[in-house]
Enquirer: 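The structure under discussion is supplied below as structure tokens; questions concerning it will follow.
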Amino acid sequence: SASDGGGGRAQGGAARRATGGGAPPSQDGGSESPAMAVMFPGSFAALRKGAEEKRKFCLVNIQKENEVASKQLNRDTWTDRAVQQTVASHF
């Protein structure tokens, strides 16, 4: 955060939301939940530290749970194998 010099302490639900994680699967059983294979399970601070160590960028996807476009992104983009491979190797 700005108050702590950018080190950030996004943890728990905030970190999961910031990384696209922790969103519940759709109630209708569809595949609209985020692709777990490309998500970082830890805090934003840990994500930043790991990215700095590996000299990679952080990719942060922020979504609204009930937004149709977010569900489409989860269903059509993040589940695509080529997208997952690109994200895993470059971010």
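Numbers for residues simply follow the sequence, beginning at 1.
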Enquirer: Please find the pair of heavy atoms, one from Trp78 and one from Gln63, that lie closest to each other, and give the distance.
Expert: NE1-NE2, 3.8 Å
Enquirer: With the side chain counted from C-beta on, respond yes when Asn74 and Thr79 share a heavy-atom pair under 4.5 Å apart, and no when they do not.
Expert: no
Enquirer: Hey, could you give me the CZ/CG distance between Phe57 and Leu59, rounded to the nearest 0.5 Å?
Expert: 11.0 Å
Enquirer: What closest approach, in Å, do Glu65 and Lys71 show between heavy atoms, and which atom pair accounts for it?
Expert: O-CE, 3.4 Å
Enquirer: Quick one: SG on Cys58 to CZ on Phe44, what's the gap to the nearest 0.5 Å?
Expert: 5.5 Å
Enquirer: Check whether any side-chain N or O of Lys56 sits under 3.5 Å from a backbone N or O of Gly50 as a donor-acceptor pair, and report yes or no.
Expert: no
Enquirer: For the pair Phe91 and Val38, evaluate side-chain contact (heavy atoms from CB on, under 4.5 Å) and give the outcome as yes or no after the intermediate values.
Expert: CA-CA 9 Å; Phe91 296 92; Val38 294; over 6 Å; no
Enquirer: Nearest 0.5 Å, what's the CZ-OG distance between Arg75 and Ser70?
Expert: 12.0 Å
